[in-house]
J.: 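Here it is, the structure in full.
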Amino acid sequence: MMIGLLGTSGLNGMLGLGAYWTARHGFRQPAGLARALAAVTLAWTWATVGLEVLGAAGVLGLTSLLLWSLLGLGIGLALKVRDRQPELVEADDPTGQVWAWESVVALGFVIWGGLFHGVQSLLWPVKVISDGPIYHLYFAARWWKEGALNLIATPFGENAAPYFPAVGDLWFTWLMTGWGGDRLAKVGQAPFWGLSGVTAYALARRLGAGSSSALIATAWFLTSTPLLLFAFEANVDMIFVAGYLLAAYFFVRYDFDDARGSTLAIGALAAGGALGSKTIGVVFVPVLLGLAALAVWRRRTTFPERAGHLVLVFTLPLVMAGFWYGRNVWLTGNPLYPLHLAVGGKVWLSGWYDRLAMRSSPYYLAVEDWRSLWDVVMGVIDPHLAPFWFAAILGLWSLKARRTERDAGVWICSLLAILNVALYWLLIPYRTQQRFMLPAVGLAVVPLARLLDRGRWLRIVALGLLAMHVLMSQNWPFDSGSAPWDLSRLIPDVTAGIFFMPHVALMSPGRSESNRLIGLAVVALLGVGSLGVAWAWSRAKGSSTHLRSRWLRAALASLGLFGIACGLFFPYDLDPRRRSYPVFPDYYLGWLDLETRVGASGAKIAYAGTNIPYYLMGAGLRNEVCYVNVDGRRSWLLHDYHREAKAKGEPTWPDSRPGWDRLHPDYPGWLAALHQENVQILVVARANPDEGRHNIADAQQFPIERTWADSHPESFVPLYGVVEGDPRMRIYRVRPTHTQGG
């Protein structure tokens, strides 16, 4: 643990200090939130570029990243030494004003919810219900251990994942490299959750909202149920949202306050972070860049300056995102691979499947299903809060209000939020995924804050509604399925209050009544502590000769509460293996058995059937895990098989789960590949038919690897599953070549 603390502190300390100096002395950002957010953006950019460069060169590791951070620190120091200009301070600093008590309580709710979910995710095993163990954490761990950004096959889950932009996965790699394990990476989105909130707050303040109103509106955003749940899982949705909102903030600053190229550049870099985090970035980010370009074009300035600023808008996003889209072009000729795009009878982008094929996905909803759209929106914003959100978006904040020059920015945020919902529903077939709507909620903070500015009574009502949202289920006071706002059976209204989710450790139904009462007491204790920390941070604001000591006391109070939460949630009473493996009925017993089969140094494991290979890496990620193609082509990935299929006149697959790589199994070739990879253990799990019938080889829905292993005792020794009668998992020892037949 000490090595992890030193590595993490060294990496992030040099990274942050260098970025701060660069933001202050190089990009000349004014003191306050603008400089802080600029420094975060520059630090994120520098870390991402370093990982891309070093990973592409195959020299990614703690030493190389420390040198990279040291280089960034050196650049910042050089800019600091050379800068002789006075510090830039804004006349209208949005960090001013004292928070009213209702906003402090709202901040307490945010701290309470974040601490409750975040500490459990930090200390307990990675939850199965996320994309983390499918590919985000799996890719990051492989890249960290291999020291290179290799393409990694995921044939039993999201097999397009190797071609996704992966800036978020790189951040998890950064955390794993610094810590020497996955402890921090499990909650790697937590900083971006906080960053999204600070950015939404800063955006609202910049567009004229009062500090208390902006804080309450931000609290509504940060406690949105899907947002809060995903924020502390190893997904990348919060990373995308943070990049999007950062870009919006700096573009607004450029348009209203600071028309310098440096401010525009920071916004463009942040937009690249969003574009490089998720494939849906190609739907949402270009609109944001178009608005930034429009702001540049309408500036009264010289043509060379205007042209230069336009170049910044359209090139700097590639600093973080360009690596991923460029790699796809290099490998396949298609930056959006594996998307297939044909218009007017001509193929513009050659991929596996088009939008029609995506209709076979379980995540698909028909675009005309407006009832499901309504339910998705309600699930994101909570029906109890919806009237305020809708009133704000529709512009009730502007009725009989004094007009200001910043009103145009508020209207733009409102319209952009509506447009984002429309783009999500019209252009993204996976419409069950409500998390794609989260950037719109961040933008809606601005008009909501302006609405709350119309009267303190509105802010007090908003606080009461926030308490209801946090503590009650979204269908309250109705039974599940009977709420009048629940219109679609495809999107059930079963969302509980954020402290009473079924997976929450202290509230799980399996615990005894006394333990559940203890859990409630712990939750209440954390709530009181969170309110105290919120009060401490409110006292740290304002002008005072003791301002620095106030900030220090607030930071220490936060650290103390975090330590208390860790002590309360640490699973002292569990088998140590339970701290690495979630109690997932399908594979839990198999995972525990596998843990006993590998020594302290780990083993080389090949897998088939399961779509969550991350858990096979074992406690401490000591195992090497890989997939071996069933036809023995060791280095081939799905784009290689696709190229072969196109040559045979089969350019696309009928659904979103192509299986070219598993259509022609060859036992001798596969066995030879296992030995060439030095595989010691084979794990075969029952496959999901929804991921492709080509994965199913027997009546129990196992893939072909199980049939081969059972049929060749000279090469495979059963270790688990046969005697135990496990219907979902088999584990085999792979005999070395020199012992076969003996």
Side-chain angles (χ1 to χ4, degrees), residues 131 134-135 139 151-166 275 278-283 286 324-369 423-433 436 608-609 611 627 629-633 635-666 687-697 703-704:
D131 288 335
I134 296 175
Y135 59 96
F139 287 177
L151 282 169
I152 299 167
T154 53
F156 297 98
E158 178 55 81
N159 52 11
Y163 308 97
F164 290 167
L275 188 63
K278 290 185 73 70
T279 53
I280 61 170
V282 300
V283 174
W324 309 100
Y325 297 99
R327 185 175 70 173
N328 282 350
V329 170
W330 176 263
L331 293 173
T332 70
N334 177 359
L336 304 182
Y337 195 81
L339 178 68
H340 184 82
L341 180 63
V343 179
K346 181 179 179 181
V347 175
W348 297 92
L349 296 175
S350 176
W352 304 341
Y353 48 79
D354 56 19
R355 294 180 66 217
L356 292 177
M358 294 182 185
R359 293 185 176 184
S360 63
S361 170
Y363 307 117
Y364 170 81
L365 287 174
V367 69
E368 62 271 13
D369 185 3
L423 290 172
Y424 149 69
W425 193 254
L426 295 175
L427 299 183
I428 301 175
Y430 294 168
R431 298 183 181 93
T432 59
Q433 303 303 291
F436 298 163
N611 71 336
Y627 167 73
N629 288 323
V630 292
D631 59 7
R633 294 169 167 177
S635 61
W636 276 44
L637 290 155
L638 207 48
H639 70 275
D640 298 303
Y641 290 98
H642 181 213
R643 183 172 55 248
E644 182 181 63
K646 286 194 295 183
K648 296 178 179 179
E650 302 172 356
T652 59
W653 193 266
D655 57 45
S656 60
R657 293 292 187 267
W660 290 298
D661 54 334
R662 296 187 59 82
L663 290 182
H664 304 290
D666 172 30
N688 182 357
D690 291 338
E691 303 297 343
R693 297 297 308 179
H694 47 269
N695 293 328
I696 307 302
I704 190 67

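Numbers here simply count residues along the sequence, with the first being 1.
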J.: Quick one: closest heavy-atom pair of His694 and Leu663, and the distance?
T.: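 For His694 versus Leu663, the nearest heavy atoms are CB-CD2, 4.3 Å.
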J.: May I ask you to decide if Gly351's main-chain N or O and His340's side chain share a donor-acceptor pair within less than 3.5 Å?
T.: yes
J.: Among Trp653, Tyr641, Trp636, which residue satisfies the ring-ring contact (aromatic ring centres under 6.0 Å, His included) criterion with Trp660?
T.: Trp653
J.: So, Arg657 side chain and Gly692 main chain: donor-acceptor pair closer than 3.5 Å or not?
T.: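 No.
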J.: On a heavy-atom basis, which atom in Asn695 and which in Pro155 lie closest, and how many Å separate them?
T.: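 Heavy-atom minimum between the residues: ND2-O, 4.1 Å.
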J.: Looking at CD of Glu158 and CD1 of Ile134, how far apart are the two atoms once the value is rounded to the nearest 0.5 Å?
T.: 8.5 Å
J.: Do you know which two heavy atoms are closest between Gly281 and Pro286, and how far apart they sit?
T.: O-CD, 3.3 Å
J.: Ile428 versus Ile280: any side-chain heavy-atom pair under 4.5 Å?
T.: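 Yes, close enough: below the 4.5 Å cut-off.
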J.: To the closest 0.5 Å, what do you measure between CZ (Phe139) and CG (Leu151)?
T.: 8.0 Å
J.: Do the side chains of Tyr163 and Asn334 get nearer than 4.5 Å, heavy atoms only?
T.: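 Side chain of Asn334 against side chain of Tyr163, heavy atoms only: no contact under 4.5 Å found.
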J.: Looking only at heavy atoms, what is the nearest atom pair of Asn159 and Pro658, with distance?
T.: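 In this case the closest contact between Asn159 and Pro658 is ND2-O, 3.1 Å.
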J.: Atom CG in Leu339, atom OH in Tyr353: separation rounded to 0.5 Å?
T.: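 Answer rounded to 0.5 Å: 7.5 Å.
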J.: To check you understand the geometry: which heavy-atom pair defines the closest contact between Thr279 and Pro165, and what is its length?
T.: CG2-CD, 3.4 Å
J.: Would you compute the distance between atom CZ of Arg693 and atom CZ of Arg662 and round it to the nearest 0.5 angstrom?
T.: 13.0 Å
J.: Where do Leu336 and Leu341 land on the side chain to side chain contact (heavy atoms under 4.5 Å, CB included) test, with the steps shown first?
T.: CA-CA 9 Å; Leu336 304 182; Leu341 180 63; over 6 Å; no
J.: Return yes if some donor-acceptor pair links the side-chain N/O of Tyr325 with the main-chain N/O of Leu275 below 3.5 Å, else return no.
T.: yes
J.: Would you say the side-chain atoms of Asn688 pair up with the backbone N or O of Asp690, donor to acceptor, closer than 3.5 Å?
T.: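 Yes, Asn688 side chain to Asp690 backbone: donor-acceptor pair under 3.5 Å.
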J.: Is the side chain of Tyr424 donor-acceptor paired with the backbone N or O of Arg431 at a distance under 3.5 Å, no angle test?
T.: yes
J.: Is a side-chain donor or acceptor of Trp425 paired with a backbone partner of Val367 at a separation under 3.5 angstrom?
T.: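 Indeed, once roles are kept as given, a pair shorter than 3.5 Å links the two residues.
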J.: So do the side chains of His639 and Pro162 get within less than 4.5 Å of each other, counting heavy atoms only?
T.: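 Sidechains of Pro162 and His639: no contact.
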J.: Check Asn611 against Gly157 and note the closest heavy-atom contact, atom names and distance.
T.: CB-CA, 3.6 Å
J.: Supply the atom-to-atom distance His642 NE2 to Asp661 CG, rounded to the nearest 0.5 angstrom.
T.: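 Result: 12.5 Å between the selected atoms.
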J.: Are Tyr627 and Thr154 side-chain neighbours, meaning at least one heavy-atom pair lies under 4.5 Å?
T.: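 Sidechains of Thr154 and Tyr627: no contact.
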J.: Out of curiosity, Leu638 CG to Asn629 CG, how far, rounded to the nearest 0.5 Å?
T.: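 Output value for this atom pair is 9.0 Å.
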